[in-house]
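Structure, as structure tokens:
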Amino acid sequence: MTPKTERSLSEPWSPAVKMPLPDSDSDDDWEEGSSDADLFANSSNIYSSSPIRTASPRGAQSTCAAHAHTLAEKINALDLKAKEYSLASKLVATDNRASQEFTLVYLQDTRFNPREAAVLEEHFQAKVRRVYEAKCQDDLTRARVEKEHRERLAREAEEAARRAEEIARQQEMERQRHEQERRERERRAAEVARLEAERVRAEEERKRQADLEKEAALKRQKDAEEARARAERDTRERAVREAAAALHAASRPGPRIYGRKSTTYEGVEMQRVIASLHQLRHTVRQEDAFSKAKKLTTIRRGLRPKFGQLNGERGQTIEVRDFLKNTFVELRSDQGGPVVSANDFFLNQDPSCDVPVPVAFVWTVNELAKLLVMQVINECAMKPGTADPIGVAVISTFADERLLVNGHSFIDIVIARLLKKNPILTGELGPEATEGDRKRLGWIQEEDGTWESEENHVNRVVGLTAGYTAIAGRNFGNSKLVNPYPIFNLWHAVATVLNAPADKLTNTHYFVMKTFLEVGAKKLVDVYGHQAKKLVELAVGDWALRGETQGYSGAVSVKAFGKFLRNEEWWKKS
């Protein structure tokens with residue numbers, strides 16, 4: 001062995017990179033000039049257990065790892081031999097026997113050639129690198145292809161979703177368009193139907209209005225003819241009645257005595273007037289269309305607050321009076337409704353007053369009378385003097401000539417209402433021992449059968465008496481108008497109570513007398529002078545004393561008012 005050879009052999013051999021060696025020693029498999037494609041094609045010699053590469057990179061790597069382990073064991077065996085060879089080469093110079101064995105074993109043994117092994121190792125490593133690089137390139141290509149495939153699939157899916165969404169959007173737009181067109185068609189059809197229905201209704205309404213106007217014209221013509229005939233008949237009848245009345249008046253002996261009256265007669269006549277008013281009210285209730293046409297409810301609502309507006313000032317009293325007068329004059333002149341005989345509503349009937357007057361007018365006068373009764377009961381019990389403006393407004397209203405019928409006034413309706421609620425004014429006397437007596441004297445029985453308290457009864461009668469006195473005590477001496485309810489009626493009422501038997505008087509009679517004097521004493525003195533003062537002195541003197549001895553608190557009130565009255569300046573000067 002040459003020195004060079006020895007040095008070469010004495011160098012420890014260690015492969016640069018431990019890579020698996022091929023199973024075959026054929027030089028054809030390890031030519032350096034082989035291309036990458038050839039190497040990749042011949043890689044079946046290295047991975048002999050798998051002639052066809054697995055499509056999955058993970059599976060290919062697993063197969064390569066198995067073969068690499070097998071080849072690594074072979075390389076390790078060669079490496080062991082190389083280490084033994086290196087050790088043996090160091091012992092050659094010192095041990096001849098070992099040199100001989102080394103030569104025999106390593107130099108003459110053709111099974112192992114270190115140089116050839118190194119060359120083969122180098123060729124193997126180069127080929128493995130090429131195969132590995134080809135495999136990496138193939139994996140990169142495969143990954144790129146798979147990525148591009150996935151991206152293409154994603155793009156296709158996205159495009160398909162976009163197309164599906166676009167198709168759905170177009171379908172929804174088309175559906176909405178069809179729905180809108182359908183609604184528009186329905187709207188147009190409904191509008192056409194509505195216009196047609198309105199046209200038909202308008203045509204029917206025109207026909208109906210034409211028929212109504214025709215019927216109204218015929219009715220007006222018929223009513224006018226009937227009214228003309230009725231007016232002619234009434235004129236003839238009135239002329240006959242007036243002639244008969246004039247003949248009767250001329251045949252009566254002596255003149256009529258002014259102011260002479262009978263309380264019994266007046267009570268009977270009051271009942272007759274109230275019955276006529278009840279009948280008229282019943283008739284109006286049956287004719288609802290008539291009430292609406294004449295707006296009777298509205299008129300009553302307008303009258304309701306008027307009495308409450310009277311505060312004693314002259315300007316306010318005139319304003320209320322003018323309102324009442326205008327309202328009743330307008331109703332009195334309305335000839336467009338049913339009529340009733342005026343004579344039925346006068347306390348002193350006269351054939352010359354048997355003339356027609358509108359039902360609406362009489363109904364409204366009756367409503368005013370009821371409102372007045374409620375007002376004086378609620379407001380004048382504690383302060384009887386507050387009734388005075390009410391009396392002025394009411395009596396001056398019905399004194400208007402336009403509201404008279406042959407000199408008779410409808411103030412009788414108001415008086416009848418006051419007399420009905422206060423029977424003492426018509427001469428009713430005590431006692432009040434039985435239920436019949438109480439009913440006769442105007443006591444009110446509650447729904448549970450109990451009677452009102454004496455205090456409530458006295459207060460109510462005082463208010464009614466104040467209202468009556470405020471109306472009956474008016475002095476028209478300086479007026480051009482004729483007093484529709486002269487003051488002699490008040491004189492007669494006072495005289496009737498004073499002339500009543502003492503044992504027939506009740507406590508209420510004395511409170512009535514006290515109200516007569518409180519509201520009407522000055523009025524009586526202004527008209528009747530000294531005679532009225534004597535009448536008042538009798539009331540506050542002996543007459544009151546008889547009641548005081550019987551324990552009546554009303555008599556005490558009358559006597560106390562006499563003391564107050566004597567200190568009044570107007571009383572002293574009269």
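Being a predicted model, the structure only gives us computed values, none of them experimental. Hydrogens, waters and symmetry mates are skipped; everything else that's a heavy atom, side chains included, is used.
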Quiz prompt | Criterion salt bridge (Lys or Arg N to Asp or Glu O under 4.0 Å) on R281 and E367, from CA distance to verdict | solution = CA-CA 10 Å; R281 184 174 178 81; E367 293 299 315; 2.3 Å; yes
Kindly indicate whether the side chain of R300, heavy atoms from C-beta on, has any atom under 4.5 Å from the side chain of T364. no
request  = Verify, without hydrogens or angle tests, whether H509 (side chain) and E428 (backbone) share a donor-acceptor contact under 3.5 angstrom.
outcome  = yes
Has the side chain of N422 got a donor or acceptor atom that lies under 3.5 Å from a matching backbone atom of L418?
no
- Query: Is there side-chain contact between V482 and F476, with heavy atoms separated by less than 4.5 Å?
  - Reply: no
Is a salt bridge present between D503 and R546, judged by a nitrogen-to-oxygen distance below 4.0 Å? no
Assess whether a salt bridge exists between E435 and K439, defined as any Lys/Arg side-chain N lying under 4.0 Å from an Asp/Glu carboxylate O.
no
Closer than 4.0 angstrom, basic N to acidic O: yes or no for K559 and D542?
no
Rounded to the nearest 0.5 Å, the CG atom of L498 sits from the CH2 atom of W543 at a distance of 6.0 Å
Problem set entry | Within 6.0 angstrom of R314 CZ, more than 12 heavy atoms from elsewhere | no
Taking everything shown except N478 itself, do over 12 heavy atoms lie less than 6.0 Å from its CG? no
- Message: Would L517 and L565 count as a side-chain contact (heavy atoms from CB on, under 4.5 Å) here? Give the steps.
- Response: CA-CA 9 Å; L517 300 180; L565 192 61; 5.6 Å; no
Working for salt bridge (Lys or Arg N to Asp or Glu O under 4.0 Å), residues E568 and K572: CA-CA 6 Å; E568 290 289 302; K572 295 177 182 179; over 6 Å; no
Ignoring hydrogens and angles, tell me if any N or O in the side chain of K523 forms a donor-acceptor pair with the backbone of V519 under 3.5 Å. yes
message: Test your reading of the model: is there a side-chain donor-acceptor pair from D334 to the backbone of E330, 3.5 Å cut-off?
response: no
Between V494 and M513, the two heavy atoms sitting closest are O-CE, 3.7 Å
One should read off an interatomic distance between E379 CD and M374 CE, to the nearest 0.5 angstrom, of 11.5 Å
- Query: Would you call R183 and E179 a salt bridge, using N to O less than 4.0 angstrom?
  - Reply: yes
Heavy-atom count check: over 12 atoms from other residues, nucleotides or ligands less than 6.0 Å from Q180 CD? no
Rounding to 0.5 Å, atoms CD (E215) and NZ (K222) come to a distance of 12.0 Å
Between P484 and A399 the two heavy atoms that sit nearest each other are CD-CB, 3.7 Å
(Q) Less than 4.5 Å apart, side chain to side chain, heavy atoms only: is that true for L372 and I471? (A) yes
In this structure, OG1 of T397 is separated from CD1 of I411 (nearest 0.5 Å) by 8.0 Å
TODO: For N366 and R417, test the side chains for any donor-to-acceptor distance below 3.5 angstrom and give the result as yes or no.
DONE: yes
One should read off an interatomic distance between H278 NE2 and T283 OG1, to the nearest 0.5 angstrom, of 12.5 Å
May I ask you to say whether R188 pairs ionically with E184, meaning some side-chain N is under 4.0 Å from a carboxylate O?
-> yes
**Prompt:** Between E191 and R194, is there a side-chain N and carboxylate O pair less than 4.0 Å apart?
**Reply:** yes
> Yes or no on side-chain contact (heavy atoms from CB on, under 4.5 Å) for L545 and E548, after CA distance, side-chain angles and deciding distance?
Replying inline: CA-CA 5 Å; L545 182 60; E548 188 177 11; 3.9 Å; yes
* Asked: Are more than 12 heavy atoms from other residues, nucleotides or ligands located less than 6.0 Å from atom NE2 of H178?
  -> yes
Assess whether side-chain contact (heavy atoms from CB on, under 4.5 Å) is satisfied between I318 and R321, documenting all intermediate values. CA-CA 5 Å; I318 293 174; R321 180 204 64 188; 3.5 Å; yes
Salt-bridge criterion met for R460 and E452 (N-O under 4.0 Å)
yes
Worksheet item: Are any non-hydrogen side-chain atoms of L280 and F345 less than 4.5 angstrom apart?
Response: yes
Shortest non-hydrogen pair, N348 vs D412, comes out as N-OD2, 4.2 Å
Subject >> Stepwise side-chain contact (heavy atoms from CB on, under 4.5 Å) test for L303 and L324 >> reply: CA-CA 8 Å; L303 294 176; L324 297 178; 3.6 Å; yes
Next on the checklist: Taking CD in E401 as the centre, count heavy atoms belonging to other residues, nucleotides or ligands within less than 6.0 Å. Is the count above 12?
Outcome noted: no
Q: Side-chain contact test, heavy atoms from C-beta onward, threshold under 4.5 Å: evaluate it for H457 versus F511 and give yes or no.
A: no
Exactly one candidate in F346, F398, W363, F328 meets ring-ring contact (aromatic ring centres under 6.0 Å, His included) with F410; the answer is F346
Taking the basic N atoms (NZ, or NE/NH1/NH2) and the acidic carboxylate oxygens, is any pair closer than 4.0 Å for E537 and R566?
yes
Donor-acceptor pair, side chain of N489 and main chain of P486, under 3.5 angstrom: yes
Per side-chain hydrogen bond (donor to acceptor under 3.5 Å, both in side chains), E203 is matched among R206, K207, R199 by R206
Quiz prompt | Pair E454, N507: side-chain N/O donor-acceptor within cut-off below 3.5 Å | solution = yes
Would the distance check show the side chain of E446 and the main-chain N or O of T450 forming a donor-acceptor pair, the cut-off being under 3.5 Å? no
Q.
We want to know whether N343 and S341 form a side-chain donor-acceptor pair, criterion being a heavy-atom distance below 3.5 angstrom.
A. no
_Pairing donors with acceptors under 3.5 angstrom, does anything connect the side chains of E432 and W443?_
yes
Nearest heavy-atom approach of V558 to Y510 is CG2-O, 3.2 Å
Practice problem: Identify whether the distance between the nearest side-chain nitrogen and carboxylate oxygen of E205 and R208 falls below 4.0 Å. | Solution: yes
Rounded to the nearest 0.5 Å, the CD atom of E319 sits from the CG atom of L310 at a distance of 9.5 Å
Is a side-chain donor or acceptor of H408 paired with a backbone partner of V405 at a separation under 3.5 angstrom?
-> no
### Query
Judged by atom type as modelled, is there a donor-acceptor pair below 3.5 Å linking the side chain of N459 to the main-chain atoms of E455?
yes
Q.
Any carboxylate oxygen within less than 4.0 angstrom of a Lys/Arg side-chain nitrogen, looking at E269 and R272?
A. yes
Measure the acute angle between the ring planes of Y485 and Y468, then classify it against the limits of 30° and 60° as parallel, tilted or perpendicular.
-> perpendicular
